[in-house]
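Computed over heavy atoms, backbone and side chain alike; hydrogens, waters and symmetry mates excluded. In the text below, chain A, chain B and the rest are named by the order of the sequence lines, each starting its count at 1.
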Protein chains: 2
Amino acid sequence: MPTIKDVAKHLGVSVSTVSRALNNHPDIKQDTKNEVLEAMKRINYTPNAVARSLISRKSNTIGLMIPDITDPFFSAMAHDVEEVLSDNGYQVVYVNTSRRLEKEKRFLTSVMERKMDGIIVTPDFLDEEALEIMRRLEIPVVFLRRRPPQDLDMPFVDVDHYEGACNAMDYLLSLGHSRIGFMGMPPYSFTGQERYRGYVDCLKKRGLEPDPSGIVWDGRTIACGYRAMGKLMEDYPSMTAVFAANDLLGIGALEWLAEHKLSVPERMSVIGFDNLEVSDLHWIKLTTVAQPRKEMGRKAAEVLLQMLTENKLTAQSILLPTKLIIRETCTSVIK
Amino acid sequence: MPTIKDVAKHLGVSVSTVSRALNNHPDIKQDTKNEVLEAMKRINYTPNAVARSLISRKSNTIGLMIPDITDPFFSAMAHDVEEVLSDNGYQVVYVNTSRRLEKEKRFLTSVMERKMDGIIVTPDFLDEEALEIMRRLEIPVVFLRRRPPQDLDMPFVDVDHYEGACNAMDYLLSLGHSRIGFMGMPPYSFTGQERYRGYVDCLKKRGLEPDPSGIVWDGRTIACGYRAMGKLMEDYPSMTAVFAANDLLGIGALEWLAEHKLSVPERMSVIGFDNLEVSDLHWIKLTTVAQPRKEMGRKAAEVLLQMLTENKLTAQSILLPTKLIIRETCTSVIK
DNA sequence: CTGAAAGCGCTTACAG
DNA sequence: CTGAAAGCGCTTACAG
């Protein structure tokens, strides 16, 4: 691989001159610059970004830490993050944590060592050691779908899960339902907690007390929703509607109901959260709450870019609005 | 940020000694090594991977070029690629090309400049210039779901699309169907071509001539399948079965059939290709051909790793077998 | 086992 | 406008 030195020798100029041509430095004659550029082409010179990084202290790489790229949410966000970042000359290093603390820490360590310029993170388990690394990072950090810990003044970008849950609940309530079940994601899930908070608050706001037998916490998959629906029908048979904390759970519920010949929405209204592609399928048409996934990725990247150009370690957080998507799985309660 | 020099000064030893401690070099007394390691902790020293890369000519970075991370196939592969690579100390830089040549080239250039150690690529449009860069790369390259150009002796990892299509067709044929329609993906799609080849060959093998009015090329989405089904029913009404080149198309077909009250599989058998999660949904139960997606990513990473450790620029390609998944959308033709 | 020195491929004051 | 020199943070022969 030819280096800047080879180019210089080839032309009988100094490396400084070659470097100046490479970097569009003003202090160089147009003619020499052209000659250098041509010589580079001729001998197939490619600048070594590693050497440049060492000196400039800029690696032009951004780290992206997500739980699971296989989750349509994160892949949608990863898509837009990459798009806006690469359009701005950055490359993105991505890591699936698989929701494992060990992997989160490995990522953060790598961020330090590799001198990444900034990161976008969706951590699940940051412990004290991980936080300590984050504090020492000295680069822009934006939290995606997670809140930064109290003592870290870092921005986040997320959807307003609480408000979204309230939209869903208010809709159900407006339809006359009062015995509404809830299917939650695993208890440690931040988004799950927020949606649950919306469920409880909306009920209370109307003077209704959430019935513990109408609440089930399981996983986040279709199979979980299926199981949960069975359990709810057993424990809370008077229920007329169910709020599933995500679409997958809602679809599992729909499946259980279809198999048990309980008509939707006549016998049971079902509302989800996420607006997955599948939810719009002809056979499903799940009423749900949509989140602007791609926009979330885009915004996260933009906030990071802004911090990078303004050379700041903090910025305004963004809470994006959700949108109720009314399809065919909810109806007013039969009087 | 403290450097190796700070550690050395702090301890009154030379930087060589510090470096040796850092790299588990044998030529160092255990005691000094411990002291150095402790000092590093004390002053929060983190090695600078950029500087190390410059000298070692290893960036420990692998590039991953895919068309669209949002496609469940690529996200599944990206997941496993990251998993095996990161377990081996590599970080992965990923790029969505969005099937644009310009982005493919930008990626390749970046690979050169950033001195990546190897790449896994799924290109759609490599032109001469792009190929020229690949030839000069001098690092291991593995093609994922694509074939390398003739003159590049590089390995690929893929599923045997042709064989998969034959499985699907043979199944339909064994069920007694002879008027079988075909829904293809965009004509430039390599995988689409291979599946089409299987469709044609299997028909011919049985002495059947593919009927041009039974073949439609559109896009790769549900909406395309919906449209395609309408067109097929118009142009080739005697058709009793349809082979959709991917599940999304198959699902679109199913949707059209459901809306037009044509029963599946009695009136029309439908078979897909891909085995997406949705295809197993209670309402869909699409018979299809499964591809081992995650395994594909894993294998691609393993082949790359092998080339890296053996220091070779080529390796054995891998063609993974598909599997026919029989569900509920195909039946034998009514005599 | 330890240290001084050269060098990886660049950039950037500093002189001229 | 151009070049010589120092230096980014490391590693690695080479001496001792």
Side-chain angles (χ1 to χ4, degrees), chain A residues 1-37 39-40 43-61 109-117 136 138-139, chain B residues 1-37 39-40 43-61 89 109-117 138-139:
Chain A
M1 283 273 84
T3 71
I4 205 179
K5 233 168 161 174
D6 299 311
V7 181
K9 202 175 301 169
H10 188 79
L11 238 53
V13 299
S14 73
V15 293
S16 326
T17 302
V18 178
S19 175
R20 277 188 274 257
L22 199 58
N23 295 288
N24 292 88
H25 195 95
D27 288 356
I28 185 172
K29 202 169 26 168
Q30 189 60 47
D31 290 0
T32 13
K33 186 166 165 179
N34 292 146
E35 278 176 46
V36 173
L37 261 19
M40 284 178 174
I43 67 176
N44 270 331
Y45 168 77
T46 319
N48 182 328
V50 177
R52 294 177 116 175
S53 292
L54 184 57
I55 276 207
S56 65
R57 288 143 191 297
K58 282 209 55 190
S59 62
N60 291 303
T61 55
T109 305
S110 171
V111 169
M112 285 221 94
E113 297 186 351
R114 304 280 168 90
K115 305 294 170 194
M116 298 187 194
D117 295 339
R136 289 210 317 266
E138 297 177 321
I139 58 171
Chain B
M1 283 273 84
T3 71
I4 205 178
K5 231 167 161 175
D6 299 311
V7 180
K9 201 175 301 172
H10 188 80
L11 238 54
V13 299
S14 72
V15 294
S16 327
T17 302
V18 177
S19 174
R20 278 189 273 258
L22 199 58
N23 295 288
N24 293 89
H25 195 96
D27 287 356
I28 185 173
K29 201 166 33 166
Q30 190 60 46
D31 290 0
T32 12
K33 185 166 166 181
N34 292 146
E35 277 176 46
V36 174
L37 262 18
M40 285 177 173
I43 66 176
N44 270 331
Y45 168 77
T46 319
N48 182 329
V50 177
R52 294 176 115 176
S53 291
L54 183 57
I55 278 207
S56 65
R57 288 144 192 296
K58 281 209 56 190
S59 62
N60 292 303
T61 304
T109 305
S110 171
V111 169
M112 286 221 92
E113 297 185 352
R114 303 282 167 90
K115 304 296 170 193
M116 297 188 193
D117 294 340
E138 297 178 318
I139 57 171

Which part of the nucleic acid does A:Ser53 contact within heavy-atom distance under 4.0 Å: base, sugar-phosphate only, or nothing? nothing

Stems involving DNA chain C, each a run of at least 3 consecutive Watson-Crick or G-U pairs under 3.5 Å: C:1-3 with D:14-16, C:5-12 with D:5-12, C:14-16 with D:1-3

Can you confirm whether B:Ile139 sits close enough to B:Val111 that some side-chain heavy atom of one is under 4.5 Å from a side-chain heavy atom of the other? yes

Quick one: are A:Met116 and A:Ser110 in side-chain contact, heavy atoms under 4.5 Å? yes

Taking only residues two or more places apart in sequence or in another chain, which ones pass side-chain contact (heavy atoms from CB on, under 4.5 Å) with A:Asn48? A:Val50, A:Ala51, B:Leu54, B:Lys115

Do B:Val18 and B:Tyr45 come within less than 4.5 Å of each other through their side chains, counting heavy atoms only? no

Describe the nucleic acid contact of A:Ser56 in one word from base, sugar-phosphate, nothing, applying a heavy-atom distance below 4.0 Å. nothing

Between B:Thr17 and B:Ser14, is any side-chain donor less than 3.5 angstrom from a side-chain acceptor? yes

With a non-hydrogen cut-off below 4.0 angstrom, is B:Ile55 in contact with a base, only sugar-phosphate, or nothing? base

Within 6.0 Å of NZ in B:Lys58, more than 12 heavy atoms from elsewhere: yes

Can you tell me how far the OG1 atom of B:Thr3 sits from the NZ atom of B:Lys9, to the nearest 0.5 Å? 7.5 Å

To the nearest 0.5 Å, how far apart are CG in B:Asp6 and CG in B:Asn44? 12.0 Å

Just to be sure I understand the geometry, which residues of residues 15-26 of chain A put a non-hydrogen atom under 4.0 Å away from DNA chain D? A:Ser16, A:Thr17, A:Arg20

Could you check whether A:Leu54 gets within reach of a base, just the sugar-phosphate, or nothing at all, counting any heavy atom under 4.0 Å? base

Sorted by position of nearest nucleotide on DNA chain C, 5' first, the leading residue of B:Ser14 and A:Thr46 is B:Ser14

Span of DNA chain D, from the first to the last nucleotide whose atoms fall under 4.0 Å of chain B heavy atoms: D:dG9 to D:dA13

Contact check, side chains of A:Val13 and A:Glu35, non-hydrogen atoms, under 4.5 Å: no

Which part of the nucleic acid does A:Asp27 contact within heavy-atom distance under 4.0 Å: base, sugar-phosphate only, or nothing? base

Does any residue of residues 2-11 of chain A have a heavy atom under 4.0 Å from DNA chain D, and if so, which ones, in number order? none

Under the side-chain hydrogen bond (donor to acceptor under 3.5 Å, both in side chains) test, residues paired with B:His25 that sit two or more places apart: none

Taking the side chain as every heavy atom from C-beta outward, state whether A:Arg52 and A:Asn23 have any pair of such atoms under 4.5 Å apart. yes

What nucleic acid atoms does B:Val13 come within less than 4.0 Å of, heavy atoms only: base, sugar-phosphate, or nothing? sugar-phosphate

Within the structure provided, determine whether A:Thr61 and A:Arg114 are in side-chain contact (heavy-atom separation under 4.5 Å). no

Rounding to 0.5 Å, atoms NE2 (B:His10) and CD1 (B:Ile43) come to a distance of 6.0 Å

